[in-house]
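Heavy-atom basis, side chains included; hydrogens, waters and symmetry copies ignored.
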Amino acid sequence: MTTLALEDDRVRIPGWVTDLRSFRRWAHSDDFPEHGRISFFNGEVWVDFSMEQVFMHNQVKSEFTIVVGGRVKSNGLGRFFPDGVLLTNALAGLSTISDGVFVSEESMDDGLVRFI
């Protein structure tokens, strides 16, 4: 088991988390941390405890959600999910909680997206 610590925050990464599939199993377990950004990309677990910058990242993310989310909804383009969705793309070897995800109607209709 690997332990990463930053100030009082600790993340214990189980030794059996070795690939995307095992990362996703851990991410859906009760042992997965509730705080911090923890992602899997390109064969590695990434842990980020940094705080969002209030007047930069947070405000940009908020504006993006308002504008893009509004356009998606008003034009019937699909769904926009703001911060907090666990996004996985097996082909890219990626699993992360994103700042926002757009899923087009076409992608849903063609079965290119699965909601779990």
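- Annotation: side chain of Asp31 is not in contact with side chain of Pro14 (no heavy-atom distance under 4.5 Å).
- Here the CG-OG distance, from Leu112 to Ser104, works out to 7.5 Å after rounding to the nearest 0.5 Å.
- Rounded to the nearest 0.5 angstrom, Ile116 CD1 and His28 NE2 are separated by 6.5 Å.
- Residue Phe64 places its CZ atom among 12 or fewer non-hydrogen atoms of other residues, nucleotides or ligands, all under 6.0 Å distant.
- Within 6.0 Å of atom CZ in Phe55, 12 or fewer heavy atoms from other residues, nucleotides or ligands are found, so the atom counts as exposed in its surroundings.
- Here the shortest heavy-atom pairing between Asp83 and Ser98 reads OD1-O, 3.2 Å.
- Tracing side-chain contacts under 4.5 Å through hydrophobic residues (I, L, V, M, F, W, Y), one never reaches Phe80 starting from Val113; they form parts of separate clusters.
- The OG1 atom of Thr18 sits 12.5 Å away from the CH2 atom of Trp26 when rounded to the nearest 0.5 Å.
- Counted within 6.0 Å of CZ on Arg79, heavy atoms from surrounding residues, nucleotides or ligands total 12 or fewer; the atom is thus considered open.
- Note: the hydrophobic cluster containing Ile38 does not contain Leu94 (ILVMFWY, side chain heavy atoms under 4.5 Å, direct or indirect links).
- Atom CZ of Arg25 sits in a crowded spot, with more than 12 heavy atoms from other residues, nucleotides or ligands closer than 6.0 Å.
- Rounded to the nearest 0.5 Å, atoms CG (Leu87) and CD1 (Ile97) are 10.5 Å apart.
- The number of heavy-atom neighbours closer than 6.0 Å to CD of Glu106, taken from other residues, nucleotides and ligands shown, is 12 or below.
- Of the inter-residue distances, the one linking Glu105 atom CD with Asp110 atom CG reads 11.0 Å to the nearest 0.5 angstrom.
- Here the CZ atom belonging to Arg24 is positioned 6.0 Å from the CG atom belonging to Leu86, to the nearest 0.5 angstrom.
- Under the 4.5 Å side-chain criterion, counting only non-hydrogen atoms from C-beta, Thr96 is not in contact with Phe41.
- Between Val45 and Phe23, the shortest heavy-atom contact is CG2-CD1, 4.2 Å.
- A 4.5 Å side-chain heavy-atom check between Ile13 and Val47 finds at least one atom pair inside the cut-off.
- Following chains of ILVMFWY side-chain contacts shorter than 4.5 Å, one cannot reach Val72 starting from Val101, and the two form parts of different hydrophobic clusters.
- Listed by first and then second residue, the side chain to side chain donor-acceptor pair (under 3.5 Å) pairs involving residues 65-77 amount to none (not counting sequence neighbours).
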